[in-house]
Asks: 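Pasting in a structure now, in C-alpha cells, and then I'll have a few things to ask.
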Amino acid sequence: MTDSKKQKNGVDADNLLRESEEKYRTLVESSPFGVLVIQDGCVVFTNQALAHMIGVKNPADYVGGDALVFVPENEKPRLRAFMEARVAGERDVPTHYESRLMRVDGSEFPVEISTAVITMKGRPAIQVIVSDMTDRVRAEQSEREARNYLQTIVETSHDGILVLDSLGHFEFANGACITIFGWPEKEIIGEHFIKVIAPDHHDFIMARWDEAQRGQGGSYEVDIVTKENERRHLLVSHRHMEVSGKRKYCVFVKDVSDRKRMEEEVRLAQKMQAVGQLAGGIAHDFNNLLTAVMGFGQIASKNIDAENPVQEDLAEILLAAGRAEQLTGQLLALGRRQTMTVGPIDVNEVILNMDKLLQQAVGGNVELVIEFGEDVWAVEADPGYLEQVLLNLAVNARDAMPEGGTLSVTVGNLSIAADDHVLPQQDLKPGDYVRLLVEDTGQGMSNSVAERIFEPFFTTKDEGEGSGLGLSTAYGIIRQFGGHITVQTEPGVGSIFSILLPRSLKPVDYVQQIESSADIKGGEETLLIVDDDRFVRVVTTRMLKALGYTVLEAPNGIEALEVATTYDGRIDLVLTDVLMPLMAGPELIDNLERVITGFKTLYMSGFNDRQREFKNEKPVRLLRKPFKLAQLAGAVRDALDDQKQE
C-alpha cells in the first residue's frame with residue numbers, strides 16, 4: 001500500500017471516529033436519562049439531563065469535580081465501593097443499583113443507577129446512566145397507601161368479605177368472615193364453600209352457584225353451621241371478576257341472625273296478640289256457658305237419686321265441662337288474659353313440690369335430673385301456672401324420647417349486662433334473672449320446626465294426638481310473667497328450652513284468687529247477683545238459693561242500682577261480673593256505695609281483668625269463671641265472713 005493510500009485511510013478513520021463521537025454525544029445529550037462518565041473518581045463528562053436533575057445549570061460545572069459530590073454522606077461509602085468493584089471487574093457486582101442523589105439545594109431524590117465499564121484514552125472508566133425514580137416511587141407509595149387503605153377497610157369491616165376461585169374454593173377471607181363462619185383461617189382457606197353451608201341449604205346454595213358461574217349476580221339469604229355447630233343466618237351477595245385471566249368470585253356476607261330472630265319474635269308476638277284478642281273474647285263467653293253447664297249439671301246431680309242411671313250421664317257432662325275449662329285456660333294463656341295470683345315465689349320450691357308429678361309426666365323410661373340453684377332469687381310468678389309450663393315442657397320432652405332418655409331441669413341466677421349478647425331478643429333488657437334450663441336428649445327439631453314451635457295450634461304430632469297448645473301456652477304464661485322462653489335444638493341431638501324470669505324486687509298482690517273449698521256452706525243472707533249473661537245469672541241464683549240465700553238479680557249495673565235502691569231489706573253481698581256493658585263491675589260498686597252501706601263485694605270474671613279495672617289498690621276478691629258449686633259457696637261464705645272488708 002502506498003503512503004498516499006495509508007494517509008487517506010487514516011483520514012477516513014478519523015472522520016468515522018468523529019462522526020461516531022458526534023452521534024454518541026447527540027444521543028447522550030438528547031437522552032431523558034442522566035449520563036455521566038467517571039474516571040479516577042472524577043467526572044469527565046455529564047449530560048444536560050443529569051445537570052437538570054441535580055440543579056446545575058451548566059453540565060461543564062460538574063466536570064472535573066468529585067463524582068460523589070452530589071451523593072448523600074450516608075450513601076457515599078457504599079456507592080464508592082460499588083464503583084471500585086465495577087472497575088476492578090468483580091463478577092458478583094450488580095450492574096444496577098438503587099441509591100439517592102442530592103440536589104444543589106440539599107434535597108434528596110431516589111435514583112436507579114445503571115453502570116458499564118468503558119475505556120477512555122486507554123484507561124478504564126465507568127459510564128453511569130441515572131434514572132430519576134421520584135415519580136415511580138411516588139406512584140408506588142400511592143399504590144401502597146391505596147392498598148393499605150383498602151386492606152384496612154376489608155379487615156375492619158363488620159361484614160364478611162371473601163374470594164372464591166373458579167371452582168368455589170376459599171382463596172381469601174377477612175377477619176369478620178372468619179368470625180362469622182367460626183372456622184380458623186387455616187382450616188377454611190382452600191376448602192370448598194359447601195363446608196360451611198347448613199346441610200338443608202345445600203341444594204339451594206348450589207343452585208345459586210350455578211347462576212353465579214353463568215355470570216349472574218345476586219343477593220339471597222342462607223344458613224351456615226359454624227365449627228361449634230352453631231347455626232347462623234347470612235345475607236349473601238356476590239359478583240364475578242377476572243384476575244390475571246382467571247375468573248374469581250367476590251362474596252359479601254352479613255350475619256343477620258339477630259335480625260332474623262327479632263323478626264321471628266315480632267311475627268310470633270303479633271300472631272300471639274291476634275290469637276289472644278280472639279281467645280279473650282271467645283273465652284269470656286265460653287266461660288259463661290261453662291258456668292251454666294257445670295252449675296246446672298251439679299244442681300241436677302243433687303236433685304236426682306244417686307242410683308239413677310242419669311247420674312252417669314251427668315258425671316260425663318261435668319267431666320267434659322272440666323276438660324273444656326282446661327282448654328279455655330290454655331286459650332287465655334295464649335292471650336295473657338288468664339287469672340293469676342302473681343307474687344314473689346321460690347322457683348326451687350315450686351320444682352321441689354312437683355318432683356313426683358314431673359316424674360309421672362315423663363314416665364319410667366326417662367331419667368329425671370334436677371339441679372337446684374344456690375341462693376336463687378325470687379321471681380314474680382304464679383306457682384300454679386309455672387307448674388303448668390314445666391309440665392308442658394316435660395310432656396313435650398317425653399314425646400321427643402319415645403325410646404327413653406334424660407330430662408334435666410337446672411335452676412340458677414343470671415345477670416345480664418348491657419353489653420352482653422346472651423339470648424339477643426327484641427325486648428330482653430339488662431338485669432337480674434332466674435334461668436330455668438329444661439334439656440332433653442330426644443330427637444330434636446329441624447330449624448324450620450323450631451321457628452314455629454311456639455305458634456298456637458302448630459304441632460308435629462299426628463292428627464288427634466295433640467292440640468298444638470302446649471308450648472304456645474307455656475310461651476304465653478312466661479311472657480305474662482315478663483319473662484322469655486327460647487329453644488336451642490338440632491335433629492338427633494335434643495332440645496334445650498331456656499326460661500328467663502326477672503328477679504322480684506317487691507311483692508305485688510292486689511287481686512286475691514279464690515281457691516276451691518271442699519266444705520260447702522250456705523247461709524241466710526241476701527245477695528245481689530249482677531251479670532249480663534242470663535245463663536250465669538240463672539245457674540248462680542239456683543245454686544245460691546239451694547244453699548239458703550235470698551237472691552236478687554240484675555242484668556246490668558243500671559238495673560242493679562235500681563234494685564238496690566228499691567229493695568226494702570239489707571243487701572249483704574254484691575256478686576258482680578267485672579266487665580259488663582253500660583257499667584263495669586268496679587264502677588257499679590262505687591255507685592252502690594253512695595246509695596247503700598254495709599255490703600260486701602265479690603267479683604266474677606272469665607279472664608284476668610287488668611288491675612286498671614279497679615280504681616283503688618285495696619285488695620279485692622275475684623272468683624274465676626267457670627266455677628263449681630263448692631267454689632261458689634266457699635267464695636261467697638269467705639266474702640261474707642271477712643271482717644276486713646268492712
Side-chain angles (χ1 to χ4, degrees), residues 287-304 314 318 321 339 512-580 583 585-586 588-593 595-606 619-646:
N287 278 333
N288 286 338
L289 295 174
L290 285 177
T291 299
V293 171
M294 296 169 66
F296 283 123
Q298 287 187 311
I299 291 173
S301 178
K302 286 184 176 296
N303 293 332
I304 297 177
L314 290 173
L318 293 174
T339 304
Q512 179 182 0
Q513 175 67 35
I514 303 300
E515 301 293 341
S516 62
S517 173
D519 187 13
I520 300 178
K521 297 179 181 179
E524 299 179 351
E525 291 90 343
T526 298
L527 315 179
L528 172 59
I529 298 175
V530 188
D531 198 301
D532 59 302
D533 189 283
R534 175 183 172 274
F535 290 114
V536 174
R537 291 198 315 275
V538 172
V539 72
T540 305
T541 299
R542 290 274 302 272
M543 288 191 290
L544 291 175
K545 284 184 176 180
L547 294 173
Y549 295 106
T550 299
V551 182
L552 308 175
E553 297 181 47
N556 54 61
I558 295 176
E559 293 192 26
L561 285 171
E562 183 178 354
V563 170
T565 54
T566 58
Y567 181 66
D568 292 335
R570 170 189 171 90
I571 297 178
D572 299 288
L573 175 70
V574 177
L575 177 59
T576 177
D577 195 12
V578 176
L579 295 180
M580 297 182 295
M583 187 182 298
L588 168 63
I589 297 302
D590 289 342
N591 290 327
L592 283 174
E593 288 176 345
V595 295
I596 62 174
T597 59
F599 67 91
K600 307 291 178 64
T601 303
L602 175 62
Y603 290 101
M604 299 180 292
S605 180
V620 298
R621 287 187 171 273
L622 182 66
L623 175 62
R624 180 176 176 269
K625 299 177 185 178
F627 46 77
K628 299 176 183 178
L629 176 61
Q631 293 171 306
L632 174 64
V636 169
R637 195 67 258 166
D638 288 346
L640 288 168
D641 295 339
D642 187 1
Q643 300 301 316
K644 295 180 181 180
Q645 279 202 9
E646 294 292 349

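Numbering of residues begins at 1 and proceeds along the displayed sequence.
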Asks: Report the distance from atom CG of Asp572 to atom CD of Glu524, rounding to the nearest 0.5 Å.
Replies: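 One finds 11.0 Å between CG of Asp572 and CD of Glu524.
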Asks: Who passes side chain to side chain contact (heavy atoms under 4.5 Å, CB included) against Ile558, sequence neighbours left out?
Replies: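 Testing Ile558 for side chain to side chain contact (heavy atoms under 4.5 Å, CB included), a comparison that skips the adjacent residues, returns Asn556, Leu582, Met583.
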Asks: Taking all atoms of both residues into account, what is the closest heavy-atom pair of Leu602 and Arg621, and its distance?
Replies: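 Residues Leu602 and Arg621, closest heavy atoms: CD1-CB, 3.7 Å.
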Asks: Scan Leu527, Ile571, Val530, Ile529 and name whichever one has a side chain to side chain contact (heavy atoms under 4.5 Å, CB included) with Leu552.
Replies: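 Result: among Leu527, Ile571, Val530, Ile529, Ile571 is the only option passing the side chain to side chain contact (heavy atoms under 4.5 Å, CB included) with Leu552.
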Asks: Measure the shortest side-chain to side-chain distance between Arg637 and Glu525 over non-hydrogen atoms and say whether it is less than 4.5 angstrom.
Replies: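 Arg637 reaches Glu525 side chain to side chain.
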Asks: Side chain to side chain contact (heavy atoms under 4.5 Å, CB included), that's the test. Do Glu593 and Phe599 meet it? Break it down for me.
Replies: CA-CA 8 Å; Glu593 288 176 345; Phe599 67 91; 3.6 Å; yes
Asks: Please round to the nearest 0.5 Å and tell me the distance separating atom CG of Leu573 and atom OG1 of Thr601.
Replies: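 Rounded to the nearest 0.5 Å, the CG-OG1 separation comes out at 7.0 Å.
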Asks: Taking all non-hydrogen atoms of both residues, which atom of Tyr549 and which atom of Lys521 are closest, and how far apart?
Replies: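 Minimum heavy-atom contact is OH-O, 4.0 Å.
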Asks: Under a 4.0 Å N-O cut-off, is there an ion pair linking Lys625 with Asp533?
Replies: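 No salt bridge links Lys625 with Asp533.
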Asks: Side chain to side chain contact (heavy atoms under 4.5 Å, CB included) between Thr526 and Tyr567: does it pass, once the steps are laid out?
Replies: CA-CA 11 Å; Thr526 298; Tyr567 181 66; 3.7 Å; yes
Asks: Suppose the criterion is salt bridge (charged side-chain N to carboxylate O under 4.0 Å, His left out): which pairs have a residue in residues 551-566, not counting sequence neighbours?
Replies: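 Counting only pairs at least two positions apart or across chains, the salt bridge (charged side-chain N to carboxylate O under 4.0 Å, His left out) contacts touching residues 551-566 are Arg537-Glu553.
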Asks: Check step by step if side chain to side chain contact (heavy atoms under 4.5 Å, CB included) holds for Leu547 and Val636.
Replies: CA-CA 11 Å; Leu547 294 173; Val636 169; over 6 Å; no
Asks: For Leu623 versus Ala635, what's the shortest heavy-atom pair and its separation?
Replies: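 Smallest interatomic distance, heavy atoms only, reads CD1-CB, 4.1 Å.
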Asks: Nearest heavy-atom pair of Leu629 and Gln298: which atoms, and what distance?
Replies: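 Scanning both residues completely, I find the closest heavy atoms to be N-OE1, 2.6 Å.
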Asks: With rounding to the nearest 0.5 Å, note down the distance linking CG in Leu632 to CE in Met604.
Replies: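 Here the interatomic distance stands at 8.5 Å.
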Asks: Provide the closest heavy-atom pair for Leu592 versus Ala564 in the form atom of the first, atom of the second, distance.
Replies: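 So the minimum-distance heavy-atom pair works out to CD2-CB, 3.5 Å.
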Asks: Would you compute the distance between atom CG of Asn591 and atom CD1 of Ile596 and round it to the nearest 0.5 angstrom?
Replies: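 The CD1 atom of Ile596 is 11.0 Å from CG of Asn591, to the nearest 0.5 Å.
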Asks: Working to the nearest 0.5 Å, report the span between OG1 of Thr291 and CZ of Arg624.
Replies: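 One finds 9.5 Å between OG1 of Thr291 and CZ of Arg624.
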Asks: Determine whether Thr540 and Asp531 satisfy the following criterion, side chain to side chain contact (heavy atoms under 4.5 Å, CB included), listing intermediate values before the conclusion.
Replies: CA-CA 10 Å; Thr540 305; Asp531 198 301; over 6 Å; no
Asks: Ser605 and Asp577: which non-hydrogen atoms are nearest, and at how many Å?
Replies: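 It is CA-OD1, 3.9 Å.
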